[in-house]
Number of protein chains: 2
Amino acid sequence: MSTSTKKHSSGCLVAYGLDTFGDRWTLLILRDMVLYGMRRYGQFLSGEEKIATNILADRLKHLEQEGIVQRARDPENRRSYIYSLTDKGLDLVPMILEIIRWGGKYTPLTPRRKKLVGRINDDCAGLLQEIRQRVQNPVE
Amino acid sequence: MSTSTKKHSSGCLVAYGLDTFGDRWTLLILRDMVLYGMRRYGQFLSGEEKIATNILADRLKHLEQEGIVQRARDPENRRSYIYSLTDKGLDLVPMILEIIRWGGKYTPLTPRRKKLVGRINDDCAGLLQEIRQRVQNPVE
DNA sequence: TCATATTGCTTGTGAAAAGCAAGTGAATAG
DNA sequence: CTATTCACTTGCTTTTCACAAGCAATATGA
């Protein structure tokens with residue numbers, strides 16, 4: 001169950017990105033953190049795409065090694081951990097928003113998503129600010 | 001050799017993006033088109049990451065089905081085809097630039113790449129315009 | 001004009017990764 | 001002090017990747 005998604009190692013920056021988040025699951029985990037404020041293993045597991053538990057463990061480990069998320073004990077429940085985005089992880093938010101913007105242009109939208117896409121188009125900077133804030137001091 | 005990368009089909013826009021370009025090779029093909037102006041099968045094959053020929057064929061087919069690239073006969077060589085970006089494909093450029101920007105922040109850069117990243121940071125709109133122009137009337 | 005090379009693929013096969021189910025161990029709840 | 005929750009790990013099957021070889025259509029050179 002290697003933590004190693006195979007590397008391109010060409011020096012290209014796109015390839016570097018692919019090596020760190022370019023598989024079928026990693027970006028969904030990051031989306032869950034960025035958009036839905038998820039922070040615990042069980043939350044990721046119960047996301048709508050049903051990631052397998054071994055894959056999830058592997059990807060979280062990889063993200064931690066890459067310095068994109070950090071893992072800390074939950075002070076209120078000693079068998080739980082809290083995963084949170086580092087600055088390097090937060091810097092991925094603009095790219096994630098670009099993916100959403102693109103998707104929003106080419107696929108039908110629920111009202112909820114329509115609102116998000118509108119926000120990305122009209123007030124990207126503000127949204128970014130808001131996400132940063134929310135991720136750094138979560139409400140729950 | 002199915003052209004079907006398995007789908008998430010959750011309705012999420014990030015998942016939609018992943019379903020259309022979220023594997024280890026598709027974005028590299030698009031990068032080759034956007035950044036290096038590649039347009040033929042053989043060019044993609046000889047890229048620095050050494051994509052396998054069956055994977056390349058599969059991904060090009062998929063990109064065409066998704067309406068991101070289009071395939072046309074080369075009028076100057078009847079055994080060759082020319083792959084080019086559609087509008088839907090061109091709309092992916094901002095996301096690709098975001099990936100590069102992110103990578104540029106977290107990995108050492110050659111002077112050449114440094115220049116590109118600087119351009120993305122300082123004149124993203126101009127660069128985008130330039131890429132559009134170059135992709136739509138290629139020099140070669 | 002006829003062998004040879006180029007171009008864009010397809011096919012076959014082993015290796016790697018994904019996906020599923022079941023199990024483990026530590027912490028907490030009842 | 002038993003049962004449950006939480007965060008994983010392990011084992012196994014299925015799917016996908018990666019490498020090598022082959023192939024058909026067009027082009028080139030003698």
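Just so it is clear, the structure is predicted and the values come from calculations on it, not from any experiment. For the numbers below, each heavy atom of this structure counts, side chains included, while hydrogens, waters and symmetry mates do not. Throughout, a chain's letter reflects where its sequence line sits, starting with A, and its residues are numbered from 1.
- Per the geometry, CZ belonging to B/Arg59 stands 15 Å off P belonging to C/dC9, to the nearest Å.
- Here the straight-line distance linking atom CG of B/Leu13 with atom CD1 of A/Ile99 works out to 10.5 Å at 0.5 Å rounding.
- The nearest whole Å value for the distance from the NZ atom in A/Lys50 to the P atom in C/dC20 is 12 Å.
- For the pair A/Lys61 NZ and C/dA17 P, the computed distance is 15 Å after rounding to whole Å.
- Closest approach to the A/Asn54 side chain among C/dC20, C/dT10, D/dC19 is made by C/dC20 (side chain taken as heavy atoms from C-beta onward).
- Taking the six-membered ring for Trp, A/Trp25 and B/His8 have ring centres closer than 6.0 Å.
- Between the CZ atom of A/Arg24 and the C1' atom of D/dT14 there is a distance of 14 Å, rounded to whole Å.
- When heavy atoms are screened at a 4.0 angstrom cut-off, B/Thr53 is found touching base atoms of the nucleic acid.
- Taking OG from B/Ser84 and CZ from B/Arg39, the interatomic distance works out to 7.5 Å, rounded to the nearest 0.5 Å.
- In this structure, A/Asn77 and B/Leu45 both approach DNA chain C, and ranking their closest nucleotides by distance from the 5' end singles out B/Leu45.
- The CD1-P distance, from B/Ile55 to D/dT16, rounds to 11 Å in whole Å.
- Residue order along DNA chain D, read from the 5' end via each residue's closest nucleotide, puts A/Arg79 first among A/Arg71 and A/Arg79.
- For C/dG8, one of the phosphate oxygens OP1 or OP2 lies less than 4.0 angstrom from a side-chain nitrogen or oxygen of B/Ser80.
- Using a 4.0 Å heavy-atom cutoff across all strands shown, A/Tyr83 reaches sugar-phosphate atoms only and no base atom.
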Original post:
Going through the distances and angles, do A/Glu49 and B/Ser10 end up as a side chain to side chain donor-acceptor pair (under 3.5 Å)?
Top reply: CA-CA 6 Å; A/Glu49 283 96 357; B/Ser10 59; 2.7 Å; yes

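- Salt bridge annotation for A/Arg119-A/Glu130: present, with a cationic side-chain nitrogen under 4.0 angstrom from a carboxylate oxygen.
- Rounded to a whole Å, the CG atom of A/Leu60 is 7 Å from the P atom of D/dC8.
- Residue B/Trp25 has no polar side-chain atom (N or O) positioned under 4.0 Å from OP1 or OP2 of D/dC17.
- Rounded to a whole Å, the NE2 atom of A/His62 is 12 Å from the P atom of C/dA17.
- A/Asp74 places its CG atom 11 Å from the C1' atom of D/dC6, with the value rounded to the nearest Å.
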